[in-house]
**Q** 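Sharing a structure, written as structure tokens. Questions coming.
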There are 2 protein chains.
Amino acid sequence: MGEEKIKEILHQAGLKYTPGRAALIDFLWRASRPLTQEEISLGLKESGLNKVSIYRALDSFLQAGLVHRLESGDRVWKFAFCGCGSRGHCHPHFICRACGKVECLTKVHLPEVAASAQGYIIEEQEVYFKGLCPGCS
Amino acid sequence: MGEEKIKEILHQAGLKYTPGRAALIDFLWRASRPLTQEEISLGLKESGLNKVSIYRALDSFLQAGLVHRLESGDRVWKFAFCGCGSRGHCHPHFICRACGKVECLTKVHLPEVAASAQGYIIEEQEVYFKGLCPGCS
DNA sequence: AATATAAACGCAACTCAATTGCGTTTAGAG
DNA sequence: CTCTAAACGCAATTGAGTTGCGTTTATATT
Ligand SMILES: [Mn+2]
Ligand SMILES: [Mn+2]
Ligand SMILES: [Zn+2]
Ligand SMILES: [Zn+2]
């Protein structure tokens with residue numbers, strides 16, 4: 001992703017532009033699938049961005065609706081760039097029970113937000129499909 | 001829940017009947033909302049069932065489709081008795097961002113299982129709604 | 001009723017993803 | 001250039017969940 005685009009994204013989110021954050025956003029964007037902190041650290045090892053800084057950056061990205069955070073059953077968070085502007089998920093995610101891979105089903109759009117009912121105010125939704133991916137089935 | 005019913009449930013799942021498991025099933029059943037291990041330990045303190053035994057029992061209940069296990073964003077698992085026979089969720093769950101309460105929306109039934117597509121075999125689905133509960137809105 | 005065996009259990013130690021504290025560096029506004 | 005809050009690095013800490021292992025118990029079989 002271009003540096004100018006990243007500067008714009010961070011500025012709009014009220015966050016400072018730093019080399020580490022630029023590398024992080026670019027890496028997530030190129031990955032186009034949810035990644036763990038460990039995967040990110042490996043991919044950014046030449047940038048040297050510290051593990052704690054990665055978590056803190058991801059937290060602020062999450063607040064700003066720039067990334068999704070998902071939990072696929074193993075208590076390890078995975079992060080995916082989205083930029084949809086919502087902390088919730090704008091599409092469902094698929095989790096393969098065989099290889100553990102997690103995918104964004106960006107083709108499948110969720111209804112804007114399920115109608116609120118009986119006093120509940122529904123602001124976000126999170127949908128996981130679990131089963132076998134094309135490679136494992 | 002009656003002792004005979006619990007014996008039947010455990011037998012059908014191929015699990016031994018023990019006082020601890022009976023108390024656990026009964027407690028989850030009476031709670032009718034997802035509970036953490038800590039909440040369960042508190043509720044069963046007179047039974048004295050060990051934390052590890054609770055986790056191990058819940059694991060086997062999960063395999064047998066007797067309980068749901070959910071993760072509501074704080075990295076703490078919550079377990080709810082269901083008995084629907086599926087490890088997946090048969091109804092959506094609501095998570096309140098204000099009070100943190102988690103509820104089973106048993107009235108809202110999910111479509112049996114979303115149609116599989118493009119080589120994906122979807123076996124289970126998990127749907128979370130997040131927002132404000134009636135008490136907090 | 002006695003016996004055998006695998007399942008269930010309790011306790012202590014362990015794991016490791018994520019967090020916290022704190023001193024230092026740096027982006028970016030003025 | 002100066003100043004300040006934000007961002008950062010490193011070490012230590014947290015705590016939900018797991019593992020190892022020796023003991024107890026449910027339950028099928030004799
Ligand atoms: Mn996604
Ligand atoms: Mn439920
Ligand atoms: Zn797979
Ligand atoms: Zn609430």
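Residue numbering restarts at 1 for every chain, and letters A, B, ... go by the order of the sequence lines. For clarity, every value in this text was computed on a predicted model and none was experimentally measured.
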**Q** Sequence neighbours left out, what pairs pass side chain to side chain donor-acceptor pair (under 3.5 Å) with at least one residue falling in residues 43-56 of chain A?
**A** none
**Q** Going by side chain to side chain donor-acceptor pair (under 3.5 Å), name the residues that satisfy it together with A/E4, two or more places apart in sequence or in a different chain.
**A** none
**Q** Without decimals, in angstroms, what is the distance between B/D74 CG and C/dA18 P?
**A** 13 Å
**Q** Restricting to side chain to side chain donor-acceptor pair (under 3.5 Å), what partner residues turn up for A/S72, sequence neighbours left out?
**A** A/K78
**Q** List the residues meeting side chain to side chain donor-acceptor pair (under 3.5 Å) with A/S32, not counting sequence neighbours, and say none if there are none.
**A** none
**Q** Measure from the side-chain N and O atoms of B/E39 to the backbone N and O of B/T36, and report whether any donor-acceptor pair falls under 3.5 Å.
**A** yes
**Q** OP1 or OP2 of C/dA27 versus the side-chain N and O atoms of A/Y17: is any pair under 4.0 Å?
**A** no
**Q** So, using side chain to side chain donor-acceptor pair (under 3.5 Å) as the criterion, who are the partners of A/K101 when residues are at least two apart?
**A** none
**Q** Among all residues two or more places apart in sequence or in another chain, which pass the salt bridge (charged side-chain N to carboxylate O under 4.0 Å, His left out) test with B/E38?
**A** none
**Q** Just jot down the salt bridge (charged side-chain N to carboxylate O under 4.0 Å, His left out) partners of A/R75, sequence neighbours excluded, or say none.
**A** none
**Q** Let me check the geometry of the helix from C/dA1-D/dT30 to C/dG30-D/dC1. What is the bend angle between the axes at its two ends, five pairs each, to 10°?
**A** 40°
**Q** Using a 4.0 Å heavy-atom cut-off, write out nucleotides 3-12 of chain D from 5' to 3' as B (base contacted by protein), S (sugar-phosphate only) or - (no contact).
**A** --BSSBBBB-
